[in-house]
Amino acid sequence: MLSVAGRAQDVERPALYGIAKMTYRISSFDLAKRYYGDFLGFSKAFSYSGEEGMIDSYKVNDRQFLEFVEDKEAPDKKRLVSISFETEDAQKMQEYLLAKGVKLDKKVYTDGAGNKVLLTHDPSGIPVEFIQYMPESKHVKSQNKFLSPQRISTRIHHAGLYSLQMSENPEFYTRILGFQLILRIPANREEDPKLLYFRIPESTEMIEYYPSPDENFNHPCFVTMDMQETYSILRSRKKTEALPPPGMGMGKRWLLNIWNQDGTKVEFTEPYISIF
């Protein structure tokens with residue numbers, strides 16, 4: 001992904017404002033409606049045309065979305081289509097990445113929803129988009145709409161990303177994009193890391209590295225202030241969905257991991273360390 005030719009020019013990185021959206025293949029739009037709509041309570045805001053077909057967009061908040069492309073073979077494929085980080089200026093981000101020797105799969109273009117987008121892949125092969133929300137786009141025009149009071153969470157806390165290597169200083173994320181390592185478990189650097197969190201620079205949101213051999217480890221993790229209440233709500237809505245109990249994570253926070261029928265993971269976390 002990173003070019004070895006030439007020396008990077010001195011171009012300033014534009015701001016990155018956090019996780020804008022995560023887009024997945026799903027075996028049917030009906031499953032998306034039942035699982036992310038009826039079960040998790042998010043509202044479908046709109047649809048638009050993408051390179052892989054129609055995209056259904058479910059709204060988490062005014063700047064974060066879960067989006068789905070229908071593919072009957074989704075359970076047998078890599079299901080993450082892309083993770084998108086919001087940038088203040090897509091064109092400047094393109095100039096910055098090219099100056100740093102990053103190979104772009106797509107230079108800045110206007111997507112089917114009316115936003116400016118560019119695409120690359122991280123060293124593990126994860127498609128990474130940088131998106132500039134435009135005033136006339138479907139995403140911006142949905143502001144203050146489709147914010148269901150039934151939605152199980154109002155923010156994506158972090159994105160868990162599959163990684164080929166548990167590096168504490170991954171060049172793409174830290175040295176190029178400016179992400180900052182904020183949590184290492186264990187803290188003792190004489191031991192191999194079991195969990196790494198990197199903060200997106202101009203936000204409080206993060207990406208998570210966890211040593212998993214599963215290329216479909218990639219998942220959104222939603223914040224909840226009360227895991228017991230979240231679990232109780234999901235129990236009341238449960239029909240055929242699998243719902244294992246919450247557990248304590250390595251960071252001493254309550255976690256809940258669930259999977260849709262395609263095997264795609266959704267996680268919930270309390271943001272603070274639990275004290276018993």
Checklist entry - Is atom CD of Glu88 surrounded by more than 12 heavy atoms (other residues, nucleotides or ligands) closer than 6.0 Å? => result yes
Checklist entry - Counting only heavy atoms not in Asp192, do more than 12 fall under 6.0 Å of its CG? => result no
Checklist entry - Do the ring planes of His158 and His219 sit parallel (below 30°), tilted (30 to 60°) or perpendicular (above 60°)? => result perpendicular
Item to check | Note, Leu80 side chain near Tyr162 side chain (heavy atom, < 4.5 Å) | outcome: no
Checklist entry - Is the number of heavy atoms from other residues, nucleotides or ligands under 6.0 Å of Lys238 NZ greater than 12? => result yes
Next on the checklist: With a sphere of 6.0 Å drawn around OH of Tyr210, does it hold more than 12 non-hydrogen atoms of other residues, nucleotides or ligands?
Outcome noted: no
Item to check | Derivation of the salt bridge (charged side-chain N to carboxylate O under 4.0 Å, His left out) call for Arg34 and Glu241 | outcome: CA-CA 10 Å; Arg34 286 186 283 109; Glu241 297 82 9; 5.6 Å; no
Item to check | Atom pair CZ/CD of Phe179 and Glu205 - distance to nearest 0.5 Å | outcome: 10.5 Å
Checklist entry - Is Arg199 reaching over with its side chain to a backbone N or O of Ser203, donor-acceptor style, under 3.5 angstrom? => result yes
Next on the checklist: Quick check for you: to the nearest 0.5 Å, what is the distance between Leu164 atom CG and Asp122 atom CG?
Outcome noted: 8.0 Å
Next on the checklist: With a 6.0 Å cut-off (strictly less than), is the heavy-atom count around NZ of Lys77, excluding the residue itself, greater than 12?
Outcome noted: yes
Checklist entry - Can Tyr36 and Asn260 be said to form a side-chain hydrogen bond (donor to acceptor under 3.5 Å, both in side chains), step by step? => result CA-CA 9 Å; Tyr36 298 93; Asn260 71 18; 3.0 Å; yes
Checklist entry - What is the minimum heavy-atom distance between Val223 and Ser153, and which atoms define it? => result O-OG, 2.7 Å
Checklist entry - Of all heavy-atom pairs between Leu16 and Leu177, which one has the smallest distance, and what is that distance? => result CD1-O, 4.0 Å
Checklist entry - Going by atom types only, do Asp56 and Ser47 share a side-chain donor-acceptor pair under 3.5 Å? => result yes
Item to check | Any Ile176 side-chain heavy atom under 4.5 Å of Tyr96 side chain | outcome: yes
Checklist entry - Is Thr174 close to Gln180 at the side-chain level, that is, under 4.5 Å between some pair of heavy atoms? => result no
Next on the checklist: In this structure, is the centre-to-centre distance between the rings of Tyr58 and Phe65 below 6.0 Å?
Outcome noted: no
Item to check | Qualifying residue for salt bridge (Lys or Arg N to Asp or Glu O under 4.0 Å) with Glu67, from Lys44, Lys21, Arg25 | outcome: Lys21
Item to check | Full working for side-chain hydrogen bond (donor to acceptor under 3.5 Å, both in side chains) between Glu86 and Gln64 | outcome: CA-CA 9 Å; Glu86 183 183 359; Gln64 292 183 318; over 6 Å; no
Next on the checklist: If I compare all heavy atoms of Pro201 with all of Gly178, which pair ends up nearest, and what's the gap?
Outcome noted: CB-O, 3.8 Å
Checklist entry - Is any NZ, NE, NH1 or NH2 atom of the basic residue among Lys141 and Glu136 found under 4.0 Å from an Asp or Glu carboxylate oxygen of the other? => result yes
Checklist entry - Nearest heavy-atom pair of Tyr197 and Leu195: which atoms, and what distance? => result CE1-CD2, 3.4 Å
Checklist entry - Do you know which of Gln91, Gln132, Met93 makes side-chain contact (heavy atoms from CB on, under 4.5 Å) with Val108? => result Gln91
Next on the checklist: Any carboxylate oxygen within less than 4.0 angstrom of a Lys/Arg side-chain nitrogen, looking at Arg253 and Glu270?
Outcome noted: no
Checklist entry - Does the cation-pi check pass for Lys106 over Tyr109, that is, NZ or CZ under 6.0 Å from the six-membered ring centre and within 45° of its axis? => result yes
Next on the checklist: Looking at Tyr231, I'd like to know if the NZ or CZ of Arg237 sits under 6.0 Å from its six-membered ring centre while staying within 45 degrees of the ring's axis.
Outcome noted: no
Checklist outcome for this item: Closest heavy-atom pair, Leu66 versus Pro220, reported as atoms and distance to 0.1 Å, is CD2-CG, 4.1 Å
Checklist entry - Below 4.0 angstrom, N of the basic side chain to O of the carboxylate: do Asp262 and Arg79 qualify? => result no
Checklist entry - Any side-chain heavy-atom pair from Ile152 and Phe268 closer than 4.5 angstrom? => result yes
Checklist entry - According to the interplanar angle, ranging from 0 to 90°, do the rings of Phe46 and His139 count as parallel (below 30°), tilted (30 to 60°) or perpendicular (above 60°)? => result perpendicular
Checklist entry - If you measure from CG on Asn216 to CG on Asp76, what distance do you get to the nearest 0.5 Å? => result 10.0 Å
Checklist entry - Yes or no on side-chain hydrogen bond (donor to acceptor under 3.5 Å, both in side chains) for Lys59 and Ser142, after CA distance, side-chain angles and deciding distance? => result CA-CA 9 Å; Lys59 193 164 183 180; Ser142 77; 3.1 Å; yes
Checklist entry - How far apart are the C-alpha atoms of Tyr17 and Glu202, what are their side-chain angles, what is the distance that settles it, and do they pass the side-chain hydrogen bond (donor to acceptor under 3.5 Å, both in side chains) test? => result CA-CA 5 Å; Tyr17 294 128; Glu202 285 78 38; over 6 Å; no
Next on the checklist: Are more than 12 heavy atoms, taken from residues, nucleotides or ligands other than Lys92, located less than 6.0 Å from that residue's NZ atom?
Outcome noted: no
Checklist entry - Atom CZ in Arg151, atom CZ in Phe42: separation rounded to 0.5 Å? => result 8.0 Å
